[in-house]
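Structure record follows, encoded as structure tokens.
None of the values given here were measured: they were computed from a predicted structure. The sequence lines fix the lettering, A, B, ..., with proteins before strands; numbering per chain opens at 1.
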There are 2 protein chains.
Amino acid sequence: MQITRQTDYAIRCVLYLSRMRERVVVVDDIAVIMDIPKSFLAKILQRLTKAGIVKSSRGIKGGFQLAKNPRQISLLDIIEAIQGPAGMNRCAINKDICRFSKTCTVHPVWVELRQKVEQHLKKVTFQKLIKLK
Amino acid sequence: MQITRQTDYAIRCVLYLSRMRERVVVVDDIAVIMDIPKSFLAKILQRLTKAGIVKSSRGIKGGFQLAKNPRQISLLDIIEAIQGPAGMNRCAINKDICRFSKTCTVHPVWVELRQKVEQHLKKVTFQKLIKLK
DNA sequence: TTTAATTAAGACAATTATTATCCTATTTTA
DNA sequence: TAAAATAGGATAATAATTGTCTTAATTAAA
Ligand code: SF4
Ligand code: SF4
């Protein structure tokens, strides 16, 4: 039902990177400014990197920056990168996990709802989120 | 993000009771037919009883039955009775838990989404769910 | 070429949430 | 009074989440 704290951290983090535009920033800065435990954030950034949302560079002068335009990153992208599909019930993600799914009349509700939620989240880009209004 | 197994069990259970109309049924029957661990189900039924969704009677000839017309029970009712509010992020339920909420531009998204999801779930009554189609 | 700063990766610990069971008490009807 | 049912509480088992730590690899600058 809820996104995890980790996902919220990831969103804060990408929000910050979006505000920083092209600039490279280090984990420590994001952690302090966005109030995220530093080494936990480091893990989160690894996942965001693998998902192609941010890019990293190592060594002195290294750090993180967005891998794409904030217009091309949605809340859904972050959620899926960190938590996986946004289904409200397991059967909306994989209907085979439940032996009732073939006849269950509730099952389609979860499928519809998943679509609705995904549509909504896909529309919320970080472009929009940084233009506070 | 997801409803818990317990909530799914609760829904199955109310679905079964809806099909049974006025009849009183015992925990064991629901457990077997709906494939729910019996003593876990007993707990769930307690919560549904406290929430006024089902009513219980003790002793021989005792058991459970719906406390209202299936038309008056929605999926949202069950979810709220078992899991609490259907917010996708903690701040959509209580904005004070996050020190950013006053200025955060993501916060309103969770609030809107919560409304949208609740609206959707409120419309799905057990009346509709038992009329398979 | 060495050093310092940085991320990558993996193991692991701590905490919290979920799922499940069990025992005893209470209620009710036959 | 006995049997059949739920109520309530304690508690165990499992799984998920959150968080930390250590070591390795990379890079730029001194
Ligand atoms: S019972 Fe129906 S809703 Fe619940 S998991 Fe199975 S298919 Fe999905
Ligand atoms: S950071 Fe924004 S979205 Fe995340 S919890 Fe705080 S207010 Fe809600």
| query | Along DNA chain D, 5' to 3', what are the outermost nucleotides having an atom less than 4.0 Å from a heavy atom of chain A? | reply |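 Listed 5' to 3', the contact boundaries are D:dT17 to D:dA28.
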| query | Looking at DNA chain D, which of residues 43-60 of chain B put a heavy atom within less than 4.0 Å of it? | reply |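 Per residue number, the list reads B:K43, B:Q46, B:K50, B:S56, B:S57, B:R58, B:G59, B:I60.
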| Near-strand residues of residues 80-94 of chain A, defined as heavy-atom separation under 4.0 angstrom from DNA chain D |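 Of all residues in residues 80-94 of chain A, none places a heavy atom under 4.0 Å from DNA chain D.
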| said: Please report the interatomic distance OG(A:S57) to CD(A:Q65), rounded to the nearest 0.5 Å. | reply: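 Answer rounded to 0.5 Å: 6.0 Å.
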| query | Are any non-hydrogen side-chain atoms of B:I73 and B:I78 less than 4.5 angstrom apart? | reply |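 Yes; the side chains approach each other to less than 4.5 Å.
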| request: Evaluate the side-chain proximity of A:L66 to A:S18: yes if any heavy-atom separation is below 4.5 Å, no if none is. | output: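 Yes - at least one pair of side-chain heavy atoms lies under 4.5 Å apart.
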Tell me, please, which residues at least two apart from [X] pass side chain to side chain donor-acceptor pair (under 3.5 Å).
X: A:T7; answer: A:T4, A:Q83
X: A:N89; answer: B:D8
X: B:S74; answer: B:D77
X: A:K55; answer: none

| query | Starting at the 5' end of DNA chain D and moving along, which residue's nearest nucleotide shows up first, A:R5 or A:K61? | reply |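 Mapping each residue to its closest nucleotide by heavy atoms, the 5'-most match is A:R5.
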| task | Using the salt bridge (charged side-chain N to carboxylate O under 4.0 Å, His left out) rule, collect all pairs that involve residues 56-70 of chain A, keeping only residues at least two apart or in two chains. | result |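 Those involving residues 56-70 of chain A do not exist here.
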Calculate the interatomic distance between [X] atom [atom1] and [N] atom [atom2]; express it in whole Å.
X: A:F40; N: C:dA9; atom1: CZ; atom2: P; value: 17 Å
X: A:D28; N: C:dA4; atom1: CG; atom2: C1'; value: 14 Å
X: B:Q6; N: C:dT21; atom1: CD; atom2: C1'; value: 14 Å

Could you go through nucleotides 12-17 of chain C and list every protein N or O atom that sits under 3.5 Å from one of its N or O atoms, giving the distance for each pair?
none

Counting only pairs under 3.5 Å, give me each side-chain donor-acceptor contact of residues 20-43 of chain A, with atom names and distances, residues two or more places apart or in other chains.
| unit_1 | atom_1 | unit_2 | atom_2 | d |
| --- | --- | --- | --- | --- |
| A:R23 | NE | A:M20 | O | 3.3 |
| A:D35 | OD2 | B:R99 | NE | 3.0 |

| request: State, without any angle test, whether B:H107 and B:K95 hold a side-chain donor-acceptor pair at a distance under 3.5 Å. | output: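 Distance-only check fails for B:H107 and B:K95.
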| field | B:F100 vs B:V106, side chain to side chain contact (heavy atoms under 4.5 Å, CB included): CA-CA, chis, key distance, verdict | value | CA-CA 10 Å; B:F100 295 109; B:V106 190; over 6 Å; no
| task | Write out all pairs satisfying ring-ring contact (aromatic ring centres under 6.0 Å, His included) with one or both partners inside residues 55-80 of chain B, taking only residues at least two apart or from two chains. | result |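 Every pair satisfying ring-ring contact (aromatic ring centres under 6.0 Å, His included) with a residue in residues 55-80 of chain B: there are none.
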| query | A:R114: what forms a salt bridge (charged side-chain N to carboxylate O under 4.0 Å, His left out) with it, not counting sequence neighbours? | reply |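 Testing A:R114 for salt bridge (charged side-chain N to carboxylate O under 4.0 Å, His left out), a comparison that skips the adjacent residues, returns A:E118.
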